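Just the heavy atoms: all of them, side chains too, but no hydrogens, waters or symmetry mates, feed the values below. Chain identifiers are assigned alphabetically (A, B, ...) following the order of the sequence lines, protein sequences preceding nucleic acid strands; residue numbering begins at 1 within each chain. Being a predicted model, the structure only gives us computed values, none of them experimental.
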Number of protein chains: 2
Amino acid sequence: MDAKRSSRNLMKLPEPTVERLSEYRRSLLQCLEQGKTHIFSHELATLHHNTAVQVRRDIMFIGYSTNQRKGYDVRELIDVIGSILDSGKSLNIAVVGMGNLGSAITAYFLGKRSKMDIVASFDVDPQKVNREFSGILCHPMSALKDIIREMNISIAIMTVPADSAVEVANLLDEAGIKGILNFTSIPVKVSPRVYLEDYDMITFLEKVAYFVKHSTRQNVSPSKI
Amino acid sequence: MDAKRSSRNLMKLPEPTVERLSEYRRSLLQCLEQGKTHIFSHELATLHHNTAVQVRRDIMFIGYSTNQRKGYDVRELIDVIGSILDSGKSLNIAVVGMGNLGSAITAYFLGKRSKMDIVASFDVDPQKVNREFSGILCHPMSALKDIIREMNISIAIMTVPADSAVEVANLLDEAGIKGILNFTSIPVKVSPRVYLEDYDMITFLEKVAYFVKHSTRQNVSPSKI
DNA sequence: CTTCTGTTGTTTTTCATTTAACAAAGCTAA
DNA sequence: TTAGCTTTGTTAAATGAAAAACAACAGAAG
């Protein structure tokens, strides 16, 4: 069932692979800054706590290959991953809820990736409305639907208090948003049209706690070169 | 290979299962607040965008069962999940780096879970040292090793700037930390003894972006009841 | 009392992802 | 030039998780 992937990025990649590719790129960009032009599969593997085989397989997946044995060309690899992850049009993003977390995230993302731009933010607090946070203008909640349409925003980052999570999610859904990254600890329901990713930090912390307690586990597989 | 799991929580659970259990508990706690005493498998499933079968299988995994057909007893289920996730001693946590993100996270976690306490924070900035953030005292970076030992801290949340990530990770490693939740966009190396979870928000955002673009995908499986 | 419906618990099957094994090819050095 | 080492690319096996199918059982309704 090897559905032809001759021409790049036509096929849909499995979720874990997409995640890893994003991580690889992050490291590759860093390598570039340090003037590193080539990188071996096992180097990338070490950086991301998995195996060299896994890295090669991922890279094969996206159709890149080098015939050199000096490792992968960093620049080229970044471009190929980019052609998969960024494919085509760039997406506009909004941050909803400009509390501590919201403004931290806005500052954090700023200019980290082309092809993904935070273009607006929202809050109920009149103190915050019409102010800029990290250069991004904060709009009143009441304007949410209109602005999302006008500015062609397709992804929302939800950083509102728990008790308004459901309400806000509904608003976003109605406004025709395409994807939501939910930082709230509340599970929300949206129409199946919307891609929803729940991102609860407590869950991750509990995961770490669990494996710390059952600490026979290693975070690196022993077969790693 | 059904390795006996007669007595609860002896066996190590797979990572995805641990993640889901944590998420279930979050919703269950919410149900409790709303006065809901029983919950069906398909209700939990809807809340978490997976199937009723999956929920039942997870619950079976941890050895809980109800003979009633009124659904699971919310209170009991919370306790059983707790006995797995919180098993035994409670863990002390430190936040390293009290910038925007660090203080946001500190405030966010506050009192959300027993059995996991943020007990200290650290920063290089003299302006921040000796102040309290959300009731947690901020210590100078130089005291990191000592405090970690004194206060028996086993998990660190890393929210420092990118360029000091590696250095801080080494410090934590040397101090004998058991688990690290890395919010930095830099991959760090630690000894295999340490459980490391990288938590890059950009990766998640890129994942959402990818699947928004390839939007044939549904976020809920159609076979969900 | 019996039947029917709705829900759970377990086993089996299917599927996807990871791991391993192997083949090919380029650089290096003798 | 050739032998050997190192690294990649591909195919095949194994593992692990999700889905489906099925069995059991409690309560409701008639």
remark   = Residue pairs passing the side-chain hydrogen bond (donor to acceptor under 3.5 Å, both in side chains) test with at least one member in residues 102-112 of chain B, sequence neighbours excluded, are A/D200-B/Y108

key: Value in whole Å for how far the C1' atom of D/dA17 lies from CD of A/E15   = 14 Å

query = Roughly, in whole Å, what's the span from CZ in A/F61 to P in D/dT11?
reply = 13 Å

message = Using whole Å, what does the distance between atom P of nucleotide C/dT17 and atom CZ of A/R20 come to?
response = 9 Å

task = Describe, in one word, how the ring planes of A/Y199 and A/F204 are oriented to each other, choosing from parallel (under 30°), tilted (30 to 60°) and perpendicular (over 60°).
result = tilted

task = Measure the distance from CG on A/N50 to C1' on C/dT17 and round it to the nearest whole Å.
result = 13 Å

message = Tell me the interatomic distance from B/E19, atom CD, to D/dG16, atom C1', rounded to whole angstroms.
response = 16 Å

ask   = With sequence neighbours left out, what residues match A/E23 under salt bridge (charged side-chain N to carboxylate O under 4.0 Å, His left out)?
value = none

Short N/O separations, protein against nucleotides 6-9 of chain C, under 3.5 angstrom:
unit_1: C/dT8; atom_1: OP1; unit_2: B/S41; atom_2: N; d: 3.0
unit_1: C/dT8; atom_1: OP2; unit_2: B/S41; atom_2: OG; d: 2.6
unit_1: C/dT8; atom_1: O3'; unit_2: B/T66; atom_2: O; d: 3.4
unit_1: C/dG9; atom_1: OP1; unit_2: B/T66; atom_2: N; d: 2.7
unit_1: C/dG9; atom_1: OP1; unit_2: B/T66; atom_2: O; d: 3.2
unit_1: C/dG9; atom_1: OP2; unit_2: B/Y72; atom_2: OH; d: 3.0
unit_1: C/dG9; atom_1: N7; unit_2: B/R56; atom_2: NE; d: 3.2
unit_1: C/dG9; atom_1: O6; unit_2: B/R56; atom_2: NH2; d: 3.3

query = Between C/dT19 atom C1' and A/D58 atom CG, what is the distance in whole Å?
reply = 13 Å

ask   = Reckon B/Q54 has a side-chain N or O less than 4.0 Å from the OP1 or OP2 of D/dA17?
value = no

ask   = For B/K36, which residues count as a side chain to side chain donor-acceptor pair (under 3.5 Å) partner, sequence neighbours excluded?
value = B/E43

ask   = Taking for each residue the nucleotide of DNA chain D bearing the nearest heavy atom, is the 5' side occupied by B/P14 or by A/V53?
value = A/V53

request  = Output all residues satisfying side chain to side chain donor-acceptor pair (under 3.5 Å) with A/Y72, sequence neighbours left out; order by chain, then residue number.
outcome  = none

ask   = Nearest-Å distance, CZ (A/R57) to C1' (D/dT11)?
value = 11 Å

inquiry  = If the condition is salt bridge (charged side-chain N to carboxylate O under 4.0 Å, His left out), which residues does A/E174 pass it with, not counting sequence neighbours?
reply    = A/K145

